[in-house]
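Here is the structure we will look at.
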Amino acid sequence: MPYSIILTAEEQDEAQLLEVKEVLESIPGKYLEYQLKKGSKGPFIPSSKSSGPLSEYEFFSWMRDFRTGFDLGNEQILVFLTSQPIANNHFNGIDFPNKSIFVDLNNWEKLLVGNHPIKYPIAFHVLISLLIVIYFKEEAGAKAALHKEDMGCILDFNRAKTKVDLKLLTARICPTCMDAFLSNLPDINLLAYFRSGLEKIRHDIVEGEYYRKIKPKP
């Protein structure tokens, strides 16, 4: 049975949600099954009592309410793509007990040359987050595996969004992280699926429309 992934976003972000879903579904294999959840009674995110960004705790608390409202099962992983500002500029977060993930939609264009789509880096981080949730059952194990210093591995922590280029351009799982994934082994074929998916997105970034190609002079 494939893992059931629920994808959602606010109405104003629906176009980007669909583009990211298209990238994720272009990965060969039937290990993950993506579904969309759309609200019918106004905004998903309730109005904040303060004018500032939501804390990560507040956002995940709201996601738990969202899961209850849609009667989502405990086995389904909920992924929310959001343009809601999160405190401390957190651009990716995981609530392990409730299998909830958010990825921020803001400011990815700072990584791009020209007017290119941001669907690739967003899909890349969704896929990494799904890999972490599936292979690490507890937050402590995942945090212990993260690299605090950037080294071009998919588990680089990347304190700033502008630091993710190295991760995007390598799609590398370093030997230490590979051992960590293998020691938490649900399915080695599933791990191969994630590796091939990350590599496909990396290829689309490097060879596709993400970077402007520069032709050398003859």
Side-chain angles (χ1 to χ4, degrees), residues 1-9 17 20-21 23-25 27 29-37 44 55-68 70-82 84 86 90-105 120-148 153-158 161 164 167-168 171-174 176-201:
M1 291 287 293
Y3 287 85
S4 178
I5 315 299
I6 303 297
L7 297 174
T8 195
L17 175 69
V20 170
K21 181 174 182 283
V23 173
L24 293 169
E25 290 185 331
I27 299 169
K30 302 295 183 182
Y31 287 94
L32 306 182
E33 182 180 84
Y34 297 97
Q35 304 175 46
L36 295 178
K37 287 290 184 185
F44 289 156
S55 70
E56 191 168 295
Y57 175 84
E58 288 172 321
F59 197 84
F60 282 134
S61 176
W62 168 81
M63 288 185 74
R64 289 193 291 273
D65 293 340
F66 178 94
R67 185 183 287 274
T68 301
F70 275 94
D71 194 26
L72 301 180
N74 292 330
E75 295 305 311
Q76 294 180 303
I77 302 173
L78 176 60
V79 179
F80 192 91
L81 306 185
T82 181
Q84 164 71 41
I86 307 297
H90 289 180
F91 62 92
N92 190 192
I94 300 173
D95 177 8
F96 281 85
N98 296 285
K99 295 184 179 179
S100 295
I101 296 164
F102 75 79
V103 178
D104 174 54
L105 294 172
Y120 297 120
I122 296 172
F124 192 86
H125 280 80
V126 169
L127 202 60
I128 291 174
S129 299
L130 292 172
L131 172 59
I132 291 172
V133 166
I134 290 171
Y135 274 79
F136 295 103
K137 301 304 180 186
E138 297 181 356
E139 184 177 4
K143 281 189 171 181
L146 292 177
H147 303 295
K148 301 302 187 295
C153 173
I154 65 166
L155 291 193
D156 286 356
F157 179 63
N158 296 139
K161 193 174 294 183
V164 306
K167 178 193 299 184
L168 291 169
R172 176 175 179 257
I173 303 177
C174 75
T176 301
C177 290
M178 183 60 71
D179 287 342
F181 286 127
L182 291 174
S183 66
N184 292 276
L185 186 67
D187 183 347
I188 194 170
N189 294 316
L190 176 62
L191 183 58
Y193 164 84
F194 277 109
R195 291 187 69 188
S196 65
L198 292 167
E199 172 57 30
K200 181 183 186 303
I201 296 175

Is P186 close to Y3 at the side-chain level, that is, under 4.5 Å between some pair of heavy atoms?
yes
Would L155 and I132 count as a side chain to side chain contact (heavy atoms under 4.5 Å, CB included) if you check the C-alpha gap in whole Å, the side-chain angles of each, and the deciding distance to 0.1 Å?
CA-CA 9 Å; L155 291 193; I132 291 172; 3.6 Å; yes
Can you name the closest pair of heavy atoms from K200 and I27 and give their distance?
CD-CA, 4.2 Å
Crowded around K148 NZ? As in, over 12 foreign heavy atoms under 6.0 Å?
yes
Between atom NE2 of H147 and atom CD1 of I154, what is the distance when rounded to the nearest 0.5 Å?
8.5 Å
Rounded to the nearest 0.5 Å, what's the gap from CD1 on I101 to CZ on F60? Could you check?
8.5 Å
Between F136 and N184, the two heavy atoms sitting closest are CE2-ND2, 3.7 Å
Candidate pair Y31 and N189, rule side chain to side chain contact (heavy atoms under 4.5 Å, CB included), full reasoning:
CA-CA 9 Å; Y31 287 94; N189 294 316; 3.1 Å; yes
Okay, side chain of D156, backbone of C153: is any donor-acceptor separation there less than 3.5 Å?
yes
Between F194 and Y135, how do the two ring planes meet: parallel, tilted or perpendicular, split at 30° and 60°?
perpendicular
Under 30°, 30 to 60°, or over 60°: which ring-plane class applies to F44 and F80, parallel, tilted or perpendicular?
perpendicular
Please tell me whether H125 and F91 form a close aromatic pair, meaning their ring centres lie under 6.0 Å apart.
yes
Inter-residue atom distance M63.CE - D95.CG, 0.5 Å rounding:
8.0 Å
Can you tell me which residue among L191, L185, L190 is in a side-chain contact (heavy atoms from CB on, under 4.5 Å) with D187?
L190
Side chain to side chain contact (heavy atoms under 4.5 Å, CB included) between L32 and I134: does it pass, once the steps are laid out?
CA-CA 11 Å; L32 306 182; I134 290 171; 4.1 Å; yes
Quick one: CZ on F181 to CD1 on I173, what's the gap to the nearest 0.5 Å?
5.5 Å
Does atom CD (E138) have a neighbourhood of more than 12 heavy atoms from anything else shown, all under 6.0 Å?
no
Would you indicate whether the side-chain heavy atoms of T82 and F59 approach each other to under 4.5 Å?
yes
Crowded around K143 NZ? As in, over 12 foreign heavy atoms under 6.0 Å?
no
Would you say the side-chain atoms of S196 pair up with the backbone N or O of A192, donor to acceptor, closer than 3.5 Å?
yes
Could you go through the side-chain hydrogen bond (donor to acceptor under 3.5 Å, both in side chains) check for Q35 and S4 one step at a time?
CA-CA 8 Å; Q35 304 175 46; S4 178; 3.1 Å; yes
Heavy-atom closest contact (F102 atom, E56 atom, distance):
CE2-CG, 3.7 Å
Might you point out which heavy atoms bring K37 and F70 nearest each other, and give the distance in Å?
CD-CD2, 3.8 Å
Is it the case that atom CD1 in I188 sees more than 12 heavy atoms from other parts of the structure closer than 6.0 Å?
no
Would a 4.5 Å heavy-atom cut-off, applied to side chains only, mark N92 and I128 as touching?
no
Working to the nearest 0.5 angstrom, can you tell me the gap between T8 OG1 and F66 CZ?
4.0 Å
Please answer whether the main-chain N or O of K99 pairs with a side-chain N or O of R67 as donor and acceptor at a distance below 3.5 Å.
yes
Within the structure provided, determine whether P121 and V164 are in side-chain contact (heavy-atom separation under 4.5 Å).
no
L81 CG to K21 NZ distance, which is reported to the nearest 0.5 Å:
12.0 Å
